[in-house]
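Here is the structure we will look at, set down as structure tokens.
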Amino acid sequence: MPTLKINGTDIEVEKGTSILQAAELLGVEIPHFCYHGRLSVPANCRMCLVEVKGGPPKPAASCAMACADGMEVETESDMVHKARKGVMEMLLINHPLDCPICDQGGECDLQDQAVAYGYDRSRYAENKRAVPNKELGPLIKTVMTRCINCTRCVRFGEEVAGVTTLGQLHRGEDAEIGTFIEQAVDTELSGNMVDICPVGALTNKPYAFKARPWELVKTQSIDVMDAVGSNIRVDSRSGEVLRILPRLHEDVNEEWISDKTRHAYDGLTKRRLDRPWIRNAKTNKLEEATWSEAFSYIAENLQNINGNEIAALVGDLCDLESVVALKDMMEKLGAPHLDCRTDGTTYDPANRSGYLFNTGITGIEDADTILIVGANPRHEATMINARIRKNWLDKRTKIGVIGTNLDLTYPYEHLGETLGDFETLSKARSGFAKTFKDAERPMIIFGNNLFVGKDGAAIQAFTYGLAEKMGVIKEGWNGLNILHNAASRVGALDVGFIPQNGGKNFADIIAGTKDGSVKALYLMGVDEFEARSDIGWNTFVIYQGHHGDKGVEVADVVLPGAAYTEKDGMYVNLEGRVQHGWKAVFPPGDAKEDWKILRALSEYILTEPLSYDTASQLHKRMFEQWPHLAKEDEITPSAFENIGSKADLTKKRMSEKLGIQISKATYYKTNAIARASHIMSACEQAFVADHKFKEAAE
């Protein structure tokens with residue numbers, strides 16, 4: 001490994017490390033614009049110039065020059081300072097003086113470095129060049145005259161997002177970033193281009209002119225738009241969420257987030273439930289009520305219903321505390337009919353490794369062959385898809401797909417569309433099958449939609465049995481993964497919010513509301529199915545949630561809860577990692593945190609109320625029964641147990657085409673918050689109209 005001196009300090013680094021990276025290890029700051037640690041190195045801004053003694057007589061670009069043994073580098077010499085001032089002067093030739101009206105103000109790299117290295121005047125008297133703004137869609141606002149041609153957005157699109165919409169046009173003074181043919185940036189990661197832009201050329205269009213960064217309260221939280229559990233920062237002012245930004249977590253989302261995570265926040269203020277409601281039996285309309293009236297009405301209607309006639313369902317966005325509280329309350333009522341799988345999946349949750357993303361998110365980068373079965377990672381878990389692309393970009397990993405022919409961001413081999421094709425692949429000895437079986441770390445991603453229906457457990461046994469025969473399970477490696485898309489799913493499965501002894505699953509509960517065996521149904525944040533057409537009209541329905549969405553349509557009582565930004569909550573992501581989100585703003589009106597609503601309701605309907613009065617007491621109760629939940633930001637490994645390789649599946653089922661749960665057409669409207677979001681509606685209009693037309697035609 002080469003040893004060098006930077007500003008007189010010795011440092012030993014890995015071979016291939018650049019001078020800029022070595023300086024960062026020492027805590028020496030070298031200014032830069034075009035360089036980004038997760039992107040390729042273009043070395044075109046020249047701001048990172050340093051002096052290499054004994055080397056060339058001119059300053060060297062530290063981002064592009066590798067460290068060599070015996071090298072001596074100076075980052076603060078007179079030569080370096082003069083060079084940086086010259087570069088800064090050149091960059092500001094055409095840059096407009098519009099910092100007071102620029103949304104990047106206060107967070108702008110160009111501002112910061114102009115203060116440190118810029119002159120207070122310019123020697124250039126020529127007219128400033130102006131560049132026309134580009135229309136890049138509903139999420140990115142452009143002021144292209146501010147652009148310094150660092151090409152970060154271009155490289156991000158090509159390397160991380162997998163789209164080539166943006167590129168650099170022309171040469172010399174006429175060089176500019178554009179789209180060649182005018183079009184929107186159609187990727188689920190486009191908001192990250194705004195984050196990495198070092199100037200105000202690309203800014204957040206929905207956030208334009210709303211606030212300055214120093215006015216905002218910044219709160220760390222966890223995203224609930226999918227099951228990845230991306231780490232986010234919620235920026236709020238005066239009780240309103242104004243923007244959501246990514247928070248660095250190398251093992252989950254690195255420093256990226258999806259556009260839905262970033263921009264669905266405006267749905268938090270629309271169609272909200274801010275007070276309890278009771279349905280008038282005569283007019284069939286919901287009428288305002290107080291909390292005590294709503295609780296009393298629930299107690300009155302449950303009085304003559306046996307526990308075996310009560311059921312409860314948990315939706316996709318619920319925090320783990322509320323799931324545990326609802327489970328405890330149902331147990332005290334003697335109600336065994338519980339389920340969190342409101343998408344109709346029926347896989348066997350008895351063994352934890354049977355429903356986890358066992359490889360782990362970082363493990364995707366270690367896989368040397370990947371097979372995707374009945375899943376669409378691009379839209380079901382965008383950050384998982386970004387990791388797969390990262391793996392392919394680094395190692396050109398072979399990727400195969402069985403199921404719908406997808407528009408992914410990396411090349412793949414389409415191997416079939418049915419379970420029968422998967423069975424055929426498991427027996428094959430050539431082509432992709434041979435590559436997969438010869439791999440040291442093969443990986444299979446099963447889509448959640450694969451296990452929908454009564455035969456979900458049989459399909460799980462069948463597919464897992466075949467996967468094990470294909471060598472996916474090895475010492476130190478478990479390549480079996482389920483791709484969930486609900487933030488609450490893994491946590492709810494961990495605490496056993498599934499049918500208890502003799503209990504009904506989701507499909508049987510819905511059927512029970514029609515045949516009279518389920519007389520009362522508690523929906524907590526359940527808006528994932530068409531409740532009006534599915535639930536029987538004679539069932540007493542309690543809906544607890546934060547939006548007036550599908551569940552409210554059939555509710556006899558509505559209890560207003562808090563959204564994920566309005567409460568402290570625990571979530572377990574698809575790989576089994578326990579994470580916490582924190583309250584950024586207060587819920588609107590009389591809405592309360594979900595577990596507190598259940599604790600208050602228990603005073604009315606239970607002879608012995610729930611035993612916890614504070615969050616710490618509830619957490620203590622949770623950690624005692626499920627110790628792994630106390631290990632924050634850790635993954636508790638689960639040993640693989642063979643579910644079985646024999647399963648009775650009909651020829652019809654084996655030949656059915658495998659579908660997906662979330663497609664391009666449904667990506668922007670997957671939950672109550674997103675459906676209430678005007679920004680998501682604009683994205684749907686801009687990006688999805690053609691796809692819906694094509695799907696309808698097919």
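Computed from heavy atoms alone, side chains included, the values below leave out hydrogens, waters and symmetry copies. Only a predicted model underlies this, so the values are computations on that prediction, with no experimental measurement involved.
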Once you round to the nearest 0.5 Å, how far does CD1 of Ile605 lie from OG of Ser296? 11.5 Å

Pair Gln220-Asn231, side-chain donor/acceptor within less than 3.5 Å: no

Can you confirm whether more than 12 heavy atoms, excluding those of Lys620, are under 6.0 Å from its NZ atom? no

Identify whether the distance between the nearest side-chain nitrogen and carboxylate oxygen of Lys567 and Glu321 falls below 4.0 Å. no

Residues Lys631 and Val578: closest non-hydrogen pair is O-CB, 3.7 Å

Give a yes or no on whether a salt bridge exists between Lys583 and Asp568, defined as a side-chain N under 4.0 angstrom from a carboxylate O. no

Start with the C-alpha gap between Thr362 and Asp251, add the side-chain angles, then the distance that decides, and say whether side-chain hydrogen bond (donor to acceptor under 3.5 Å, both in side chains) holds. CA-CA 6 Å; Thr362 55; Asp251 295 336; 4.7 Å; no

Using a 6.0 Å cut-off, check whether atom CD of Glu182 has over 12 heavy atoms from anything other than its own residue. no

Is it true that the NZ or CZ of Lys260 lies under 6.0 Å from the centre of Tyr667's six-membered ring and within 45 degrees of the ring axis? yes

CZ of Phe623: more than 12 outside heavy atoms within 6.0 angstrom? yes

Test log, rule side-chain contact (heavy atoms from CB on, under 4.5 Å), inputs Arg247 and Ile232: CA-CA 5 Å; Arg247 186 159 52 92; Ile232 59 174; 5.5 Å; no

Nearest 0.5 Å, what's the OG-CG distance between Ser258 and Asn253? 9.5 Å

Check each of Glu254, Arg152, Arg262 against Asn192 using the side chain to side chain donor-acceptor pair (under 3.5 Å) test, and report the only one that passes. Arg262

Nearest 0.5 Å, what's the CD1-CG distance between Ile177 and Leu202? 8.5 Å

Return the orientation label for the His580 and Trp582 ring planes: parallel under 30°, perpendicular over 60°, tilted otherwise. parallel

Do other residues, nucleotides or ligands put more than 12 heavy atoms under 6.0 Å from the CD atom of Gln685? no

Sequence neighbours left out, what pairs pass salt bridge (Lys or Arg N to Asp or Glu O under 4.0 Å) with at least one residue falling in residues 669-679? Asp549-Arg675, Lys669-Glu684

Run the numbers on Asp235 and Arg233 for salt bridge (charged side-chain N to carboxylate O under 4.0 Å, His left out), then give the verdict. CA-CA 6 Å; Asp235 288 357; Arg233 192 187 84 193; 2.8 Å; yes

Is there a side-chain hydrogen bond (donor to acceptor under 3.5 Å, both in side chains) between Asp266 and Ser677 once you walk through the steps? CA-CA 5 Å; Asp266 70 312; Ser677 167; 2.4 Å; yes

Heavy-atom distance under 4.5 Å between the side chains of Leu326 and Phe497, does that happen here? yes

Charged N to carboxylate O under 4.0 angstrom, Glu528 versus Arg489? no

Could you go through Leu273 and His547, starting from their C-alpha distance and side-chain angles, then the distance that decides it, and tell me whether this counts as side-chain contact (heavy atoms from CB on, under 4.5 Å)? CA-CA 5 Å; Leu273 301 173; His547 274 76; 5.7 Å; no

Is the shortest heavy-atom distance from the side chain of Phe209 to the side chain of Asp103 under 4.5 Å? yes

Rounded to the nearest 0.5 Å, how far does OH of Tyr543 lie from CZ of Arg279? 13.0 Å

Contact check, side chains of Gln544 and Val557, non-hydrogen atoms, under 4.5 Å: no

Flag the pair Lys596 and Asp613 as a salt bridge only when some basic side-chain nitrogen lies within less than 4.0 angstrom of an acidic carboxylate oxygen. no

When rounded to the nearest 0.5 angstrom, what is the spacing between CG in Leu521 and CG in Leu313? 5.0 Å

Check Pro588 against Arg272 and note the closest heavy-atom contact, atom names and distance. CD-NH2, 3.4 Å

What are the two closest non-hydrogen atoms of Phe540 and Asp556, and how far apart are they? CA-OD2, 3.4 Å

Salt-bridge present (Lys390, Glu159; N to O < 4.0 Å): no

Leu559 and Ile298, any side-chain heavy atoms less than 4.5 Å apart: yes

Side-chain donor/acceptor of Trp626 to backbone N/O of Glu624, under 3.5 Å: no

Do the side-chain N and O atoms of Asn385 and Thr409 include a donor-acceptor pair separated by under 3.5 angstrom? yes

Quick one: do the Thr219 and Ser221 side chains pair a donor with an acceptor below 3.5 Å? no

Within the distance-only criterion (no hydrogens, no angle test), does the side chain of Arg155 pair as donor or acceptor with the backbone N or O of Cys34 below 3.5 angstrom? yes

Pairs satisfying salt bridge (Lys or Arg N to Asp or Glu O under 4.0 Å), at least one member in residues 205-220, at least two apart: Glu135-Lys205, Glu215-Arg237

For the residue pair Leu574 and Val490, what are the closest heavy atoms and their distance? CA-CG2, 3.8 Å

Taking all heavy atoms of Cys150 and all of Pro198, pick out the closest pair and write down the distance. SG-CD, 3.6 Å

Do Lys664 and Phe687 come close enough that some side-chain heavy atom pair is under 4.5 Å? yes

To the nearest 0.5 Å, what is the distance between CD on Gln617 and CZ on Arg599? 9.0 Å

May I ask you to check if Arg621 and Tyr612 form a cation-pi contact, with NZ or CZ under 6.0 angstrom from the six-membered ring centre and within 45° of the axis? no

In this structure, is the centre-to-centre distance between the rings of Trp256 and His36 below 6.0 Å? yes

Asn485 and Gln661: CA distance, side-chain angles, deciding distance, side-chain hydrogen bond (donor to acceptor under 3.5 Å, both in side chains) verdict: CA-CA 9 Å; Asn485 48 56; Gln661 283 194 330; 2.6 Å; yes

Counting C-beta onward and ignoring hydrogens, is there a side-chain heavy-atom pair between Val228 and Asp223 closer than 4.5 Å? no

Check against side-chain hydrogen bond (donor to acceptor under 3.5 Å, both in side chains), Glu380 and Asn448: CA-CA 9 Å; Glu380 293 178 3; Asn448 203 47; over 6 Å; no

Would you say that more than 12 heavy atoms from the other residues, nucleotides or ligands in this model lie under 6.0 Å from the CD of Glu293, or not? yes

Could you go through the side-chain contact (heavy atoms from CB on, under 4.5 Å) check for Asn204 and His263 one step at a time? CA-CA 9 Å; Asn204 187 331; His263 290 293; 3.2 Å; yes

Between Leu268 and Tyr564, is any pair of side-chain heavy atoms under 4.5 Å apart? yes

So do the side chains of Asn573 and Phe357 get within less than 4.5 Å of each other, counting heavy atoms only? no

Stepwise side-chain contact (heavy atoms from CB on, under 4.5 Å) test for Trp595 and Val323: CA-CA 8 Å; Trp595 78 264; Val323 175; over 6 Å; no

Heavy atoms of Asp594 and Ser322 approach each other most closely as CB-CB, 3.5 Å

Taking only Lys NZ, Arg NE, NH1 and NH2, and the carboxylate oxygens of Asp or Glu, determine whether Arg341 and Asp339 approach each other closer than 4.0 Å. yes

